[in-house]
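Each remark here refers to the structure printed beneath this line.
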Protein chains: 2
Amino acid sequence: MNLPPLVQSFVLHFGEMGGRWGVNRTVGQIYALLYVSPEPLCAEEIAEALGISRSNVSMSLRELQAWNLVLLRHIPDDRRDYYTTPDDVWLILRVLAEERKKREIDPTLSVLRELLLQTPRDDADRHAQARLAEMHEMIESLTSWYDDVKKLETERLMALLSLGAKVTRFLEVKDRITRFGRPRKEPLKTLPETEEGGG
Amino acid sequence: MNLPPLVQSFVLHFGEMGGRWGVNRTVGQIYALLYVSPEPLCAEEIAEALGISRSNVSMSLRELQAWNLVLLRHIPDDRRDYYTTPDDVWLILRVLAEERKKREIDPTLSVLRELLLQTPRDDADRHAQARLAEMHEMIESLTSWYDDVKKLETERLMALLSLGAKVTRFLEVKDRITRFGRPRKEPLKTLPETEEGGG
DNA sequence: CTGAAATTTCAGAAACTTCTGAAATGACGA
DNA sequence: TCGTCATTTCAGAAGTTTCTGAAATTTCAG
């Protein structure tokens, strides 16, 4: 591997993390390299920079394409494919969230739905289904929130994030004024630990 | 494996998904089994139910404990350890989010911080650092939102979720009245696709 | 068409992970 | 203390993934 030290540390770290993120070391390294590279790179250059075989690069780029994490670029009078990453980090986040949902959540959601449609044979089945229903309901809440939020323009998404839990102040107001959600049993307490006055 | 068909399908599915979630098949299966089981189970019963070795169960339970995903129970006059999962799915979600953050986000955040402190040697370094800074900033926004939201009681968290992107209506109001965030360049458009009148 | 350059595929080697049975350790009552 | 039962550890077998170099395929200018 022949890279400036700073880039190399970053690339090696992404390689190590790759496993935890559901891709292998090479895929992580290539992604990191493309992310910091000022220009798109071709397969040969990647293989060279990371000191790995050309065929490994080819397979790993395929995987990155399956994840929608790389873009193909072309340079006039050059037949080679050049690769790069989207440069907007927020776009990268969206792509990543979408892909992980597709791989980690959707299959489970569809299995849960299928199993909940089955007619229970006995009490054990009934208990199991009740548990599956709880899980199903939670995942539905999350994915419908996600489907809603992902439509936001980046600027609004950032505003929403920086608001954080302070949104619940609006929720309290909403509770009182419009009676959205169920009426509260206890009197509303002021929230713990939301001191800095963003609003 | 000797389980009722419905439970078996669920257990097998979690086993398959395990790999995608950063644990192995056995860990996923054990978790699923404990999740649907009406009573806590001991290691022997788990090994029996899943048709795997006793020692494999022991190692996998260790891993589940490292993830804080199982609880230890004791039954009077029985020396064995019995295991179960928390039964509140929202608590499970919190634990999972926390653990994944710890494993998948925090190490990267600390590498980014470290690399951003280094003095760049040349333009390539300066460019790389600028890219790392963008990534760092995004991750910081996300984790600080997360730190804020995880303090919410479950009831409020659910209310926040069901509000989804409608929160941005408040953001618009906030924009106008309190000038939180930067002033808008374009006139505000009504949002596409947020019809059903929750508020 | 032909041939040179780029890319992909694929069988098997290397590396790594998972799983097991046997042995070691620990916990408890007598 | 001992014996019994439960649990953990661990070396290596079994299984899986990753990576390579060689061969096959694709692409395109001439």
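In what follows, every chain begins at residue 1, and chains take the letters A, B, ... in the order their sequences are listed. As a basis for the values below, the full set of heavy atoms in this structure was taken, side chains included, without hydrogen atoms, waters or symmetry mates.
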Check your understanding: Are the side chain of B/S37 and the backbone N or O of B/P40 linked by a donor-acceptor pair below 3.5 Å?
Key -> no
Exercise for review: Without swapping roles, check the side chain of B/Y82 against the backbone of B/L71 for a donor-acceptor pair under 3.5 Å.
Suggested key: no
Check your understanding: Quick one: which of B/L109, B/L115, B/T108 gives a side-chain contact (heavy atoms from CB on, under 4.5 Å) with B/H136?
Key -> B/L109
Review point. Looking only at atom types and distance, does a side-chain atom of A/S9 sit under 3.5 Å from a main-chain N or O of A/P5, one as donor and one as acceptor?
Key: yes
Practice item. Measure from the side-chain N and O atoms of B/R94 to the backbone N and O of B/K150, and report whether any donor-acceptor pair falls under 3.5 Å. Key: yes
Review point. Listed in order of residue number, which residues of residues 50-79 of chain B have a non-hydrogen atom at under 4.0 Å from DNA chain D?
Key: B/R54, B/S55, B/S58, B/R62, B/R79
Practice item. Flag this pair as yes if the NZ/CZ of B/R131 is under 6.0 angstrom from the six-membered ring centre of A/Y35 and inside a 45 degree cone about the axis; otherwise no. Key: yes
Exercise for review: With rounding to the nearest 0.5 Å, note down the distance linking CG in A/L64 to CE in A/M59.
Suggested key: 12.5 Å
Exercise for review: Please find the earliest and latest nucleotides of DNA chain D, in the 5' to 3' direction, that have an atom within less than 4.0 Å of any heavy atom of chain A.
Suggested key: D/dT18 to D/dC28
Point to revise | B/W67 six-ring centre to B/R103 NZ/CZ under 6.0 Å and within 45° of normal | key: yes
Point to revise | Exercise: do B/E99 and B/N68 side chains pair donor with acceptor under 3.5 Å | key: yes
Check your understanding: Counting N and O atoms only, with roles assigned by atom type, does the side chain of B/H74 sit under 3.5 Å from a partner on the main chain of B/R79, one being a donor and the other an acceptor?
Key -> no
Review point. What is the pairing partner of C/dC16, taking Watson-Crick or G-U wobble pairs with both distances under 3.5 Å in any strand?
Key: D/dG15
Practice item. Using a cut-off of strictly less than 4.0 Å between a heavy atom of the residue and any atom of DNA chain D, enumerate the qualifying residues of residues 20-43 of chain A by number. Key: A/N24, A/R25, A/T26
